[in-house]
Amino acid sequence: MVKISNIELANPIVCAPMAGVTNYAFRSLLIQYGPGLYFNEMVSDQAINYRNEKTLKMTEVLEDEHPIAFQLFGHEIESMVKAAIYLDENTHCDIIDINMGCPVQKVVKQGAGSALMKDIEHAAEMVYQISQAVNKPVTVKLRSGWDSESINAVELSKKLEQAGAQALFVHGRTRAQMYRGEADWNIIRDVKESVTIPVFGNGDVDSGLRAQQMLDETGCDGVMIGRALMKQPWLIKESLMTLNNKGPFEITYEDTLNFTLDHALRLIPLMGESQAIKQMRSHSAWALKGLPHSHALKDKLHKMNSYDEFVRIIDEYKKELVNYERINID
């Protein structure tokens, strides 16, 4: 059993926070697969402190998605502490996570996200002050370093533990890598060996076997899965089956297509049909990548404007798949 402070996780599989993805609607679909820990989308400290209506809506929690961590990003310690106190006292999150891993320019130019790794003392002081101000466990998501010349995850992790962090989520890429290249799992292993708090590995886990491999090779306490969930949300269940020596895990084309339709249906009440369908243009393209004749399908989905049109396109594609399978059988 993995524990983060007083929070027990039912299993070691964690859903990574992903901007524009792990919102209320997407997380509601993950419940059926039973992750040990959920994450919301990262939220800005300033948006919380200004009580931005859209941001506050992002802090809603489903009854069945516990434990869940809320991730904050920002640079100014006083502002981050204030926002953390708000999450602690006014939301149903179980854990408050500090983002020190986001690589995107609009975040790092504020000195937030991965940029915090460039100033270890500032990062540690931020965690210390937040830990002192809130009752819920404080954790940190970080990368291996800013670039290949400044791999400092181990040094930073030691400081974060001393500052009060209760767990670390380590992505084995530098900020310079963004999401390119291979994740360096050796960094995850090194961090795990340098601290006593739980360490979760992140990067390049796209199958149950890879989840098992990460645990075996790094000795980490759990596995955080990110972008692969956009294409394979059932990877949570597949990983758990692999870790428990059960299987094989099987999924059909129709399961994939139905999940995508359900995702759209749940996004509509959250943001309205127009915005939801615009978002599903990219989400569905990612989710359906690799299916037979998916290029033609993605062209159609890129032009859709309504949920009814989405359903029609998917239904037509299902018929094409039946013919495709018959051809292959013959």
Any chance the side chains of [X] and [Y] put a donor and an acceptor closer than 3.5 Å?
| X | Y | value |
| --- | --- | --- |
| Gln279 | Gln275 | no |
| Asn258 | Lys318 | yes |
| Ser79 | Asp45 | yes |

Polar side-chain atom of Asn244 near backbone of Leu240 as donor-acceptor pair, under 3.5 Å:
yes
Closer than 3.5 angstrom, by distance alone: can the side chain of Glu8 be matched with the main-chain N or O of Lys3 as a donor-acceptor pair?
no
Do the rings of [X] and [Y] sit parallel, tilted or perpendicular, given the 30° and 60° boundaries?
| X | Y | value |
| --- | --- | --- |
| Phe200 | Phe169 | parallel |
| Phe310 | Tyr307 | perpendicular |
| His75 | His122 | parallel |

Going by the side chain to side chain donor-acceptor pair (under 3.5 Å) test, name the single residue among Arg173, Gln213, Arg227, Arg210 that passes it with Asp204.
Arg173
Which of Val199, Leu168, Leu215, Ile197 passes side-chain contact (heavy atoms from CB on, under 4.5 Å) with Asp221? Answer is Val199
Check for me, please, whether Val140 and Leu9 land in the same ILVMFWY cluster - side-chain distances under 4.5 Å, paths through other members count.
no
Cluster check Met42, Ile77: I/L/V/M/F/W/Y, side chain < 4.5 angstrom:
no
Is it possible for you to check whether Arg143 lies under 6.0 Å from the centre of the six-membered ring of Tyr179, through NZ or CZ, and within 45° of that ring's axis?
yes
Walk me through whether Ser144 and Asp184 qualify under side-chain contact (heavy atoms from CB on, under 4.5 Å).
CA-CA 8 Å; Ser144 59; Asp184 183 358; 5.8 Å; no
